[in-house]
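Here the structure is a predicted model, which means the values were calculated and not measured.
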Amino acid sequence: MDKYLITIGESEYEVTAEQLAGLDLIQTADREYHLLQEGKAYHCELLDFNPREKTLSLRLNGRPYELQVGDRYDQMVKQLGLQIAASQVSSDVFAPMPGLILDIMVSAGQEIEAGTPLLILEAMKMENVLKADGAGTIKSVVVQQGEAVDKRQLLIEME
C-alpha cells in the first residue's frame, strides 16, 4: 500500500493511496473543486501546482495552504539522510529538446530571480520561453542567437 507524506508548514500527515482514492471530490469549475470529507463540505481552489517540486498551493474554504507531497521514494531518501542541499543542486540551464535559439534575454554577470525569462528556444514550430528555476547570477551564456542546439546541450552557466 503506497503512503504519501503531506507536509503543511511544520505539520506532517501520512495519507494512503486508498484514502486519496476514497475522497469525494468533484470538479465544479476550472481549478475549483467541491470536497466532502467525513460529512463536512469544503470549497477547494487550486492556485498553483508544480509536479517537478511536488508542491501545490490551494485555498480551502478561503484559507490558503502550501503543501509538499512526498512519495515513498522521497520518504526513503529523507530516512536515509540523502537529501541534497539546495546549494549543491546544479542551476545550469540545458536545452530540454533540440531547437533553434531565437532570443537571449540575459547576459553574463546579470542577477536573476526564479521565473526570470532566460531565452526563447524554437522547437517543433513552437516558441518555448526557458525561465530560471531559482535566483542566481549568470556566469556565462554559452550559445548565440540563431544557433541550433541539441537536447541536453548546455545553454547558460549559473553561479
Side-chain angles (χ1 to χ4, degrees), residues 2 4-13 15 17 20 25-33 35 43-60 62-159:
D2 281 340
Y4 299 93
L5 189 63
I6 311 293
T7 305
I8 305 172
E10 298 296 317
S11 301
E12 292 183 340
Y13 305 91
V15 180
L20 290 175
L25 186 67
I26 299 170
Q27 186 168 3
T28 57
D30 185 42
R31 297 182 151 240
E32 292 189 22
Y33 302 85
L35 171 65
H43 176 261
C44 183
E45 180 182 358
L46 180 61
L47 304 174
D48 186 43
F49 174 61
N50 184 334
R52 181 176 178 194
E53 299 293 325
K54 298 180 185 174
T55 60
L56 60 110
S57 301
L58 56 87
R59 195 178 340 254
L60 194 60
R63 190 169 177 192
Y65 292 93
E66 300 287 328
L67 285 78
Q68 174 80 41
V69 180
D71 60 18
R72 64 182 170 150
Y73 301 108
D74 298 319
Q75 294 172 55
M76 189 181 304
V77 166
K78 183 177 179 181
Q79 185 180 27
L80 294 172
L82 300 174
Q83 302 96 312
I84 298 173
S87 62
Q88 294 174 334
V89 176
S90 172
S91 56
D92 292 341
V93 179
F94 297 88
M97 63 194 82
L100 182 70
I101 304 297
L102 294 182
D103 192 14
I104 299 172
M105 302 165 187
V106 293
S107 57
Q110 183 177 341
E111 297 282 329
I112 59 167
E113 298 296 322
T116 301
L118 303 172
L119 56 83
I120 298 176
L121 176 69
E122 181 184 49
M124 301 184 331
K125 298 183 183 180
M126 293 181 61
E127 292 183 8
N128 303 285
V129 179
L130 301 185
K131 297 180 180 181
D133 285 337
T137 304
I138 304 292
K139 183 176 179 182
S140 67
V141 179
V142 183
V143 294
Q144 297 178 359
Q145 186 172 345
E147 183 178 340
V149 296
D150 294 320
K151 183 176 183 176
R152 295 188 189 98
Q153 181 176 332
L154 178 63
L155 306 175
I156 297 175
E157 288 182 296
M158 301 290 294
E159 293 184 302

J.: Which pair of non-hydrogen atoms, one from Lys131 and one from Gly115, has the smallest distance, and what is that distance?
T.: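 Heavy-atom minimum between the residues: CD-O, 3.6 Å.
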J.: Among Leu20, Leu5, Val69, find the one that has a side-chain contact (heavy atoms from CB on, under 4.5 Å) with Val15.
T.: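 Of the listed options, the one satisfying the test is Leu20.
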J.: If you measure from CD1 on Ile26 to CD on Glu32, what distance do you get to the nearest 0.5 Å?
T.: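 Reported value, rounded in 0.5 Å steps: 14.0 Å.
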J.: Provide the closest heavy-atom pair for Ser140 versus Ala108 in the form atom of the first, atom of the second, distance.
T.: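 The pair with the smallest heavy-atom distance is CA-CB, 4.3 Å.
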J.: Could you please spell out the steps behind the salt bridge (charged side-chain N to carboxylate O under 4.0 Å, His left out) verdict for Lys54 and Asp71?
T.: CA-CA 9 Å; Lys54 298 180 185 174; Asp71 60 18; 3.1 Å; yes
J.: Hey, what do you get for CG (Leu119) to CG (Asp103), rounding to the nearest 0.5 Å?
T.: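 Separation between the atoms: 8.5 Å.
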J.: Which pair of non-hydrogen atoms, one from Ala123 and one from Met97, has the smallest distance, and what is that distance?
T.: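 Scanning both residues, the minimum pair turns out to be CB-SD, 3.3 Å.
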J.: Calculate, to the nearest 0.5 Å, the distance between atoms CD1 and CE belonging to Ile138 and Met105 respectively.
T.: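 With rounding to 0.5 Å, CD1 (Ile138) is 12.0 Å from CE (Met105).
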J.: I need the minimum non-hydrogen distance between Arg31 and Asp48, along with the two atoms involved.
T.: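 Closest approach of Arg31 to Asp48, heavy atoms only: NH1-N, 3.8 Å.
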J.: Which residues pass the side-chain contact (heavy atoms from CB on, under 4.5 Å) test with Glu113, sequence neighbours left out?
T.: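 Per chain and number, Glu113 pairs via side-chain contact (heavy atoms from CB on, under 4.5 Å) with Thr116, Ala135.
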J.: Within this structure, what is the CD1-CD distance for the pair Ile120 and Glu127, rounded to the nearest 0.5 Å?
T.: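 With rounding to 0.5 Å, CD1 (Ile120) is 5.5 Å from CD (Glu127).
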J.: Nearest 0.5 Å, what's the CG-CG distance between Leu56 and Leu67?
T.: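 Those atoms lie 5.0 Å apart.
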J.: Determine, step by step, whether Thr55 and Gln68 satisfy the side chain to side chain donor-acceptor pair (under 3.5 Å) criterion, reporting the C-alpha distance in whole Å, the side-chain angles of both residues, the deciding distance to 0.1 Å, and the verdict.
T.: CA-CA 5 Å; Thr55 60; Gln68 174 80 41; 5.4 Å; no
J.: Given the rule in the side-chain contact (heavy atoms from CB on, under 4.5 Å) test, do Ile112 and Leu118 qualify, once you have shown the distances and angles that lead to the verdict?
T.: CA-CA 9 Å; Ile112 59 167; Leu118 303 172; 3.8 Å; yes
J.: Looking only at heavy atoms, what is the nearest atom pair of Val143 and Leu154, with distance?
T.: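 So the two residues come closest at CG1-O, 4.0 Å.
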J.: Can you give me the closest heavy-atom contact between Asp92 and Glu157, atom names plus distance?
T.: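 Residues Asp92 and Glu157, closest heavy atoms: OD1-CA, 3.4 Å.
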J.: Measure the spacing between CD of Glu66 and CD1 of Ile8 and express it to the nearest 0.5 Å.
T.: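 Going from CD on Glu66 over to CD1 on Ile8, the span is 10.5 Å.
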J.: Are any non-hydrogen side-chain atoms of Leu155 and Ile101 less than 4.5 angstrom apart?
T.: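 Answer yes - side chains close enough.
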